[in-house]
Engineer: 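Dropping the structure in here first, questions after.
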Amino acid sequence: MKSYRYLLLVLLVIVIGIGAHNLYISKGNSFHTYRTEDVEKISFPHPDSMLVTYQGDKHAYARNEVDSISTQRPNIEAGLLPTNNIYANETFYSDFGTFTCSTVQGQPWTIEFHTAKATGYANSKTTPSESYLISPAYDMSHALQATLSFKYILAYARTNTQNKVLITDQYTGNPSTTKWTDITGQLTSAGYNAQGKIDWYTFANYEQKIPSRFMGESNVVIALYYACTTSSTTWEVKNLQLVLNSKWDEETEKPNVDPNNTNRNLVGPTTNQEMWRLEFPKVKGGDMNLVVTHSTADYGITYSLEWDCTKRANRWTCYQLHEGNSMKNTSRNDAFTEDPDIPYNYCSHNSDYSGSGFSRGHLCPSADRLCSVEQNKQTFYLSNMHPQYSKHNEGLWANLENLVRNRWNQTTYRDTLYIVKAATIDNENQIGSYTTSGLIVPKYFYMAILAVKNGQYKAIALWTEHTNVADTNKHYADYAITIDELEQRTGIDFFCNLPDNIEAQVESTFDTSAWGL
C-alpha cells in the first residue's frame, strides 16, 4: 500500500506538471473521469479504500477494484465504458463513508460484516427502532438520468417493520420533518441454505432509476430507512452506487445522443440547461427565440418558457406539479411586471395591456405556485401571460386549471405532473386579433398534461377556443384530444424528451376514465 501511495503521488505531480486535462481511474469494465484542475486530493482513509475529493464531493473506491490511474483516456473500443458521473460509490466496508446515521429511537445503523446493517434486534431482544442512513446532497443539475444501486440481504422480513429507500430535494436537516419520496420498489427476502438457515452470503441486487423530477436539482438527498416495533428485520447493504448520465460529454462539450430518443432537445454548455426535462416541448430555437427558466433556491424550478422576441409572445410555458411544490405557504402576489431575463425591447409591458380590453392571463397559474413568496412572484412576470378575454380567463380556462390542480394533482393520478400551457401564435389562421400595442390575441388556448405514477405514463391534451363568451360546459371530456392531435394543430412536438417508444404510446390515445372525465 505504501508503494501504491508513492506511485500515486508521483503521478499527481506529473499530472499537475504537464497540465493534463483529465485523470482517468479504471475499474473493471468502466472508468471514471476527473478534470485534473478540480481534483482536490486523493487519500486513503483506511487500507481497503481510496477517496477522491472532487469539487467538494467525495468519491470512494474499494482499493481492490481500482485497476489503473492514468492521464490517458482508456480505449473504449477495447471494451471499457465511460462512467464519468459516479456520484456515490460507498462500499460500507468499514465505515459509512460520506453517509451519516440519524437515529430517531432505538438501534442505529452500524457497520458489521463489511456492510451497513440495520436491525432492532440486539442483546437477545428487539428494541423499537427507527433510523436513517443519509447521503450528502448530490448535485444532479447536469444529469439526464440517474441510477441508484446496491447489494443487500433482507432477513427475517416481517409485516410490522419498514425498510425503505427514500429521496428528497428539500432536506430539512431533520429526516423526521423532511418530505420524502419512496423509491423502494420491491425488496427480496433472503433465502435459506441447505441446512435451513438464513443464507448470509448471497446478496440481492437493488437497482432503481431516480425519478426524473429530481434531475436538474442541485440538492438531492438519498436515505436508507428502517423502523421496527416488537420484531425486526435485519437489513445489510453494501456497494452502493449512484451513477449519473450527463446531458453532454464534458470532454468534447457536445450533447450526449440517446439512440432511444431521437427527437429530444439536445443540451450543451451554451443552451438552456433545463431543456432535457420531461415537461419541455421541442424548442423552436433560433436567435430570436429565448428559452428562459425561473427558479428559486428553496423549491427549484418555478417554470420554463420559450419567448418569441419578434412577436413579443410566449410560445409555451411548462412546469411540474408534485408533492414537493404543491403546498400552500403564501397567498397571491398580484404584482405584474416585466420578465428580467428578456431584453426590454422584446418583452411585453403592463402598458401593452392598459386600455386593451384584455386581462393578463396566466399560463403557469399563481395558484399552482403557492409554495413560496418568490415562486408566486415569478408567475406574475408578463412573459407568463397572454392577452385573454376575461370571460375565458375567469371561466373555462380557470375551470380547466382547477381540474388540473384540484383533481389531477393528487397521488391517485400522479407522482409528478408535467404540464405545458400555451396559446396559438405561430399560424396566422390561429391568431384571433392583435391589441392596439401589437400583442397577439390567440384564437386558441390549450394544455398538454403528462402524468407518471409508479413508473407508468399517460397523457392528455385540452383544447379551447378563445372567445369573449362565457362557456359554462363542465363536461371536460368535450375539450380533450390526444397529444398527437395537439401536435398536428400546433406544429409543436410535445414531451419530446420521453423515450421514443413511451412517447409514441402515450401521445396516440387517452382514456377518459383514467383521467376521471
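When a residue number appears, it is its place in the shown sequence, counting from 1.
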Engineer: Between Q241 and S149, do the side chains contain a donor N or O and an acceptor N or O under 3.5 Å apart?
Structural biologist: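 Looking only at side-chain atoms, Q241 and S149 do not form any donor-acceptor pair under 3.5 Å.
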
Engineer: Is N123 atom CG crowded by more than 12 heavy atoms from other residues, nucleotides or ligands, each under 6.0 Å away?
Structural biologist: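 No, not enclosed.
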
Engineer: Can you see which heavy atom on S508 is nearest to which on D484, and at what distance?
Structural biologist: CA-OD2, 3.1 Å

Engineer: Is atom NZ of K377 surrounded by more than 12 heavy atoms (other residues, nucleotides or ligands) closer than 6.0 Å?
Structural biologist: no

Engineer: Do T103 and E130 make a side-chain contact, defined as non-hydrogen atoms from C-beta onward lying under 4.5 Å apart?
Structural biologist: no

Engineer: Could you pull out the closest heavy-atom pair between Y413 and K453, with the gap in Å?
Structural biologist: O-CB, 3.9 Å

Engineer: Measure across N384 and T379 and return the closest heavy-atom pair with its distance rounded to 0.1 Å.
Structural biologist: ND2-O, 3.0 Å

Engineer: Evaluate the criterion side chain to side chain contact (heavy atoms under 4.5 Å, CB included) for residue pair Y446 and L486; output intermediate values, then yes/no.
Structural biologist: CA-CA 9 Å; Y446 59 88; L486 182 63; 3.6 Å; yes

Engineer: Do Y381 and H294 have their ring centres less than 6.0 Å from each other?
Structural biologist: yes

Engineer: Could you check T184 against N163 for side chain to side chain donor-acceptor pair (under 3.5 Å), going step by step and ending with a plain yes or no?
Structural biologist: CA-CA 8 Å; T184 311; N163 300 276; over 6 Å; no

Engineer: Spell out, as yes or no, whether a donor-acceptor pair under 3.5 Å connects the side chain of N261 to the backbone of D500.
Structural biologist: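 No; zero donor-acceptor contacts below 3.5 Å.
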
Engineer: Could you please spell out the steps behind the salt bridge (Lys or Arg N to Asp or Glu O under 4.0 Å) verdict for D169 and R213?
Structural biologist: CA-CA 10 Å; D169 57 353; R213 88 160 189 83; 3.2 Å; yes

Engineer: Centres of the F280 and W316 rings: under 6.0 Å?
Structural biologist: yes

Engineer: Counting the benzene-type ring for Trp, do F99 and F92 have ring centres under 6.0 Å apart?
Structural biologist: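 Ring-ring flag for F99/F92: true, centres closer than 6.0 Å.
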
Engineer: When you compare the side chain of E236 with that of F113, does any pair of heavy atoms fall below 4.5 Å?
Structural biologist: yes

Engineer: Kindly determine whether T115 and F203 satisfy side chain to side chain contact (heavy atoms under 4.5 Å, CB included), including the steps that lead there.
Structural biologist: CA-CA 11 Å; T115 67; F203 283 76; 4.0 Å; yes

Engineer: Does a sphere of radius 6.0 Å around CD in Q105 hold more than 12 heavy atoms from other residues, nucleotides or ligands, not counting ones at 6.0 Å or beyond?
Structural biologist: yes

Engineer: Pairing donors with acceptors under 3.5 angstrom, does anything connect the side chains of N376 and T330?
Structural biologist: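 No - no donor-acceptor pair under 3.5 Å links their side chains.
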
Engineer: Does any donor atom in the side chain of T147 or Q208 lie under 3.5 Å from an acceptor atom in the other side chain?
Structural biologist: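 No pair is found: no donor N or O on one side chain lies under 3.5 Å from an acceptor on the other.
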
Engineer: Do the side-chain N and O atoms of K164 and Q162 include a donor-acceptor pair separated by under 3.5 angstrom?
Structural biologist: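 Short answer, yes.
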
Engineer: In terms of side-chain heavy atoms, does N263 have a donor or acceptor partner in K282 at a distance below 3.5 Å?
Structural biologist: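 No.
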
Engineer: Check whether any side-chain N or O of S129 sits under 3.5 Å from a backbone N or O of T127 as a donor-acceptor pair, and report yes or no.
Structural biologist: yes

Engineer: For Q320 and T416, which I'm curious about, is there any donor-acceptor pair between the side chains at under 3.5 Å?
Structural biologist: no

Engineer: Does the K458 side chain pair with the main chain of A514, one donor and one acceptor, at a distance under 3.5 Å?
Structural biologist: yes

Engineer: Any chance you could lay out the side chain to side chain contact (heavy atoms under 4.5 Å, CB included) test for T233 and L154, step after step, and finish with the verdict?
Structural biologist: CA-CA 7 Å; T233 60; L154 186 67; 4.2 Å; yes

Engineer: What heavy-atom pair brings Y319 and K421 nearest, and what distance separates the two atoms?
Structural biologist: OH-NZ, 3.0 Å

Engineer: For the residue pair S304 and N272, confirm or rule out a side-chain donor-acceptor distance under 3.5 Å.
Structural biologist: no

Engineer: Pairing donors with acceptors under 3.5 angstrom, does anything connect the side chains of T172 and T177?
Structural biologist: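 Present: a donor and an acceptor within the cut-off.
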
Engineer: Starting from the C-alpha separation in whole Å, work towards a yes-or-no answer on salt bridge (Lys or Arg N to Asp or Glu O under 4.0 Å) for E323 and R414.
Structural biologist: CA-CA 10 Å; E323 287 298 296; R414 60 94 183 106; 2.9 Å; yes

Engineer: Does some side-chain heavy atom of K117 sit less than 4.5 Å from a side-chain heavy atom of T234?
Structural biologist: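 In contact.
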
Engineer: So, for L517 and Y476, which heavy atoms are closest and what is the spacing to 0.1 Å?
Structural biologist: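 Closest approach of L517 to Y476: CD2-CB, 3.9 Å.
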
Engineer: Parallel, tilted or perpendicular for Y206 and F150, by the 30°/60° rule?
Structural biologist: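 Ring orientation of Y206 relative to F150: parallel.
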
Engineer: Please determine, by modelled atom types, if N409 and S326 share a side-chain donor-acceptor pair under 3.5 angstrom.
Structural biologist: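 The answer is yes; a qualifying pair exists.
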
Engineer: Parallel, tilted or perpendicular: which one describes the rings of Y225 and Y132, with boundaries at 30° and 60°?
Structural biologist: tilted

Engineer: Can you tell me if T181 and D415 form a side-chain donor-acceptor pair at under 3.5 Å?
Structural biologist: no

Engineer: Check T178 against N174 and note the closest heavy-atom contact, atom names and distance.
Structural biologist: OG1-O, 2.9 Å

Engineer: Report the C-alpha separation of Y418 and C318 in whole Å, then their side-chain angles, then the decisive distance to 0.1 Å, and conclude whether the side chain to side chain contact (heavy atoms under 4.5 Å, CB included) test is met.
Structural biologist: CA-CA 7 Å; Y418 303 94; C318 65; over 6 Å; no

Engineer: Does Y138 use its side chain to pair, donor to acceptor, with the backbone of I222 at less than 3.5 Å?
Structural biologist: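 Absent.
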
